[in-house]
Amino acid sequence: MQEISKTYNAADWEDRLYKQWEESGYFNPDNLIEDGVIAPDAEPFSIVLPPPNVTGNLHIGHASMLAIEDIMVRYNRMQGKRTLWLPGADHAAIATQSKVEGILHKETGLTKHDLGREAFLKKVEDFAQSSHDTIAHQVRKMGSSIDWSREAYTLDENRNLSVRKAFKQMYDDGIIYRGDRIVNWDPKMQTTVSDDEIERKEEKTKFYYFQYGPFVISTARPETKFGDKHVVVHPSDNRYKQYAHGQQIELEWINGPITATILKDEAIDMEFGSGAMTITPWHDAIDFDIAQRHGLSKEQIIDFDGKLLPIAREFAGMDIHEAREKIVEKLQAKSLVVKIEDDYIHNIAINSRGGGIIEPQIKRQWFIDVNKTFVRDGKEVSLKQLMQTAVRSGGVEIIPERFKRTYFHWIDNLRDWCISRQIWYGHRIPVWYRGEEIYCGTKAPEGAGWEQDSDTLDTWFSSGLWTFSTLGWGFDEEKWQREKIYHPTSVLETGYDILFFWVARMILMSEYFLGEVPFKKAYLHGLVRDEQGRKMSKSLGNIIDPLDIIPEHGADALRLSLVIGSTPGNDIKLGAEKIVSFHNFTNKLWNIGRYVMTQSEATDTAPKAITAADHFICLRLDSVVNEVTRHLEQYNFSIAGETLRDFTWNEFADWYVEIHKIQKNDAVLRYVFETLLKLWHPFMPFVTEALWRQLRGEGVPLLMIEKWPKDIAHTTHFSGDIAAGFGHGTQPLITAVRNIRATYHIDPVKKVTITLIAPDSDFLTSQVGIIQKLARVEAIHILKEGADAPSQCAYVLIRDIKLYVHLEGILDVEKEKIRLQKELEQTKNYTLRIETQLGNQNFVSQAPEAIILKNKEELKKAQNKAKEIESHLANLL
RNA sequence: GGAUGAUUAGCUCAGUUGGUUAGAGCACCUCGUUUACACCGAGGGGGUCACUGGUUCGAGUCCAGUAUCAUCCACCA
């Protein structure tokens with residue numbers, strides 16, 4: 001037996017073990033089949049890694065995502081499924097370009113235009129590559145059992161082919177169109193931004209009231225008002241009923257007299273300001289809609305750099321922020337200013353991807369029409385409807401369910417998706433122009449003189465295809481045919497913050513191109529926050545970097561602290577203390593292992609005899625196996641982990657191991673511990689694998705591919721009557737039946753049979769109907785007092801009625817044991833037999849007192865009075 | 001303005017279709033170093049489950065309202 005360190009030193013093991021796993025090839029399901037670890041026709045289980053942006057390092061949120069996904073993947077692999085976890089990275093077009101522009105400017109003072117498209121793109125690619133390498137390293141550090149052989153990038157050659165195929169198909173179907181529409185223009189980054197990428201920030205500003213002919217209009221942005229020649233009021237606003245819709249008036253405005261037209265439109269809020277407003281259709285989405293409704297012309301006031309156009313006359317060429325005060329001065333000189341408020345709170349729109357203040361502009365862009373209908377399975381549907389149906393029908397189950405509402409609400413308000421961006425880093429739009437000719441295809445058209453559209457696609461267009469573009473769709477038909485067994489993927493695990501950006505768009509794309517959902521379940525995890533619940537950010541200095549934690553505490557401790565205490569859709573708070581406590585736990589497990597190793601040999605598989613304590617721990621283990629399995633199936637990772645921790649520490653280590661010191665049963669000790677290692681493996685892959693190798697020797701198969709424990713080695717038989725001890729004489733019958741149901745975990749839908757023994761049968765007869773209905777009782781037998789109690793029953797006393805519930809075959813062993821413990825002193829007329837199968841032998845125990853011995857009290861005695869306990873236990877055999 | 005969630009021990013949180021005396025980890029107090037572990041063990045204190053009503057034999061759990069906090073969506077020209 002080799003010397004084993006007293007404490008677990010994660011750093012000594014982790015890299016070595018990861019290398020061993022990787023070299024085994026078992027992260028790749030093909031190898032699992034080839035080596036006979038799983039059956040060739042095994043059920044697939046697949047997850048795509050939400051591709052991290054190549055904008056830098058992974059943060060703690062990524063670590064949490066990796067931990068949860070690795071639990072699912074390792075668990076399902078051990079369940080014998082054909083398990084694939086497919087990695088990749090996202091080019092994050094606008095975010096990455098913006099980041100590199102920033103670095104470039106800081107380091108050299110140059111802009112991307114100084115370098116030119118090609119040279120700048122080279123820089124971005126270099127940056128992306130180095131980010132990618134960092135990320136891949138970090139993903140490994142977390143212990144992620146990912147199939148690196150299938151790694152993909154949203155902007156690599158293959159994905160480009162998928163994107164082109166997708167674009168062309170949508171273009172040919174008329175789903176993608178080009179149009180002049182109002183878009184969110186970022187003058188700083190010189191690109192459009194989608195509605196979802198906009199962040200709003202409160203700003204205190206001045207608010208101006210101007211005289212506009214007979215009307216008073218208000219605005220926070222006087223600089224947009226040059227071209228306003230329509231004043232709009234609500235149709236039912238009595239203040240303006242003397243004016244007719246379409247009526248023209250002459251008035252004095254910023255640059256002289258103009259003719260304005262009065263419009264009546266219900267979009268106006270009568271309560272706000274004077275209830276009258278002028279519109280600037282080119283620079284405001286609502287004004288644009290009003291103008292569209294009334295067929296008005298639109299005029300651009302501000303150029304794409306944020307400067308005023310010639311319509312502003314002497315202000316032309318001026319930056320809009322500078323111009324504002326000057327325009328107001330001019331209006332003041334003309335006595336057109338009615339009032340100026342100073343503390344007006346108003347929201348400004350900002351490009352959340354590191355850009356500037358959004359200026360709405362009308363621009364020719366590419367859009368995906370979400371409302372256009374097409375024929376699918378003989379029915380007219382739109383993309384919106386496809387997205388709705390996928391979730392409504394249960395094809396995609398969202399966990400937690402409440403996000404369904406958010407999802408539907410978002411779709412209801414969804415407008416056409418602007419997919420073109422005026423940035424360089426991304427998939428070029430596969431459209432070519434030659435004069436008036438336009439060509440869309442997966443390859444450049446033949447012939448000279450064609451020029452490709454200079455815009456690129458929104459990054460979410462390519463990530464929307466991710467579940468199938470990674471499996472060969474669009475670039476390798478043979479691969480796709482082979483691998484589409486993994487589609488739809490089993491589950492998508494990602495943050496709720498990208499429900500709209502990504503989750504919804506994947507559903508859109510997959511439904512459109514494949515006619516199926518991209519994943520069967522969407523598990524949405526929360527954000528990781530600091531101890532005080534604040535977002536982690538550089539400026540607050542509260543960032544926990546996974547790479548700082550892992551060397552000191554180990555990846556396992558980090559994983560546990562991110563999983564335990566975390567429920568889907570809720571943010572989790574993480575502090576150093578929590579990590580330390582799980583570090584202590586990994587060490588605890590390590591030391592239990594040390595004890596097991598010094599006490600037993602790998603050959604200890606069959607026990608010579610079984611004591612009551614052995615039975616008890618085996619029974620408990622079985623119940624833990626069942627609970628943990630159930631929780632994992634239901635995505636309750638936190639509860640699964642807690643159940644395991646409580647059992648491992650409080651029952652196995654503190655109780656059974658102590659008993660083992662007095663009364664050794666090495667086979668049972670080993671059996672329980674090795675089963676625990678398997679159960680813990682998905683949560684803590686490193687320390688469990690390290691212990692496994694030490695317990696079994698280096699040459700053995702990896703714990704990673706061991707079979708998940710599920711064998712129920714224990715059966716229980718109860719016979720005789722069991723007294724139920726609640727609410728004697730105080731509660732009505734229904735309550736009693738419900739109590740028994742709850743106590744024995746009887747399925748509420750399941751009907752039971754009850755027997756009542758009472759002196760007053762008339763009273764009972766009158767109650768039969770209601771009891772049957774409310775307590776879901778199949779049959780009620782009423783017996784006269786003095787009749788014999790039926791067997792296989794629990795009974796309860798209610799006043800002077802004895803109620804018996806027939807329990808054959810539906811007793812819950814756990815609950816029953818606990819209850820038995822309490823009832824022990826009062827009732828003696830039962831027997832309890834437990835059979836335990838270990839190694840090919842059956843062991844039978846008929847010693848109920850031992851099963852219900854008061855664990856820790858007995859243990860204390862055992863420690864203090866070893867002799868006494870020894871004889872006590874000996875008597876039980 | 002609309003929506004969603006949270007409110008349980010000093011702190012962080014469990015509590016899954018309503019059911020015996022509301023749990024855990026950390027922190028705190030007492031005792032103990034007995035060969036797996038002091039990164040430990042034994043024991044203990046501490047909760048009007050935010051508030052007010054309602055439904056029920058029974059409510060932390062279900063319903064209505066209130067308060068505080070958080071997040072998302074829409075935004076007023």
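A, B, ... follow the sequence lines: proteins, then strands. Residue 1 opens every chain.
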Quick one: pull up CD1 in Ile198(A) and CD1 in Ile348(A) and give me the separation to the nearest 0.5 Å. 11.5 Å
Options C39(B), A36(B), C26(B), nucleotide nearest the side-chain atoms of Asn587(A): C39(B)
Proximity of Phe637(A) and Phe683(A) rings by center, below 6.0 Å: no
In whole angstrom, what separates Asn184(A)'s CG from C75(B)'s C1'? 14 Å
Sugar-phosphate, base or nothing in reach of Val580(A), heavy atoms under 4.0 Å: nothing
Which part of the nucleic acid does Arg645(A) contact within heavy-atom distance under 4.0 Å: base, sugar-phosphate only, or nothing? sugar-phosphate
May I ask you to list the residues of residues 403-413 of chain A, by number, that have any heavy atom positioned under 4.0 Å from an atom of RNA chain B? Arg405(A), His409(A)
Closest of G25(B), G5(B), C37(B) to the Arg402(A) side chain is G5(B)
Which part of the nucleic acid does Thr219(A) contact within heavy-atom distance under 4.0 Å: base, sugar-phosphate only, or nothing? sugar-phosphate
Contacts of type side-chain hydrogen bond (donor to acceptor under 3.5 Å, both in side chains), residue Arg293(A), not counting sequence neighbours: Asp265(A)
Where does RNA chain B form stems of at least three consecutive Watson-Crick or G-U wobble pairs, each pair having both distances below 3.5 Å? B:1-7 with B:67-73, B:10-13 with B:23-26, B:28-32 with B:40-44, B:50-54 with B:62-66
When all nucleic acid strands are considered with a 4.0 Å heavy-atom cut-off, which category describes Leu527(A): base, sugar-phosphate, or nothing? nothing
Can you tell me which nucleotide in C40(B), C26(B), A42(B) comes closest to the side chain of Lys588(A)? C40(B)
Pairwise C1' distance, G46(B) and C28(B) [rounded to whole Å]: 9 Å
For A74(B) and A3(B), measure between their C1' atoms and round to the nearest Å. 10 Å
One thing to verify: whether Arg630(A) and Glu633(A) come together as a salt bridge, which I'm taking to mean a side-chain N less than 4.0 angstrom from a carboxylate O. no
Using 30° and 60° as the class boundaries, would you call the ring planes of Tyr240(A) and Phe215(A) parallel, tilted or perpendicular? tilted
Write down the distance separating the P atoms in U61(B) and C51(B), rounded off to the nearest Å. 11 Å
Is Lys573(A) touching bases, backbone alone, or none of the nucleic acid, heavy atoms closer than 4.0 Å? sugar-phosphate
Does OP1 or OP2 of C37(B) have a side-chain N or O of Lys6(A) closer than 4.0 Å? yes
Does Lys225(A) count as lying over the ring of Phe210(A), i.e. NZ or CZ under 6.0 Å from the six-ring centre, within 45 degrees of the axis? no
So what does Ser638(A) touch, heavy atoms closer than 4.0 Å: a base, only the sugar-phosphate, or nothing? nothing
Just call it for Tyr212(A): base, sugar-phosphate, or nothing, with non-hydrogen atoms closer than 4.0 Å on any strand. nothing
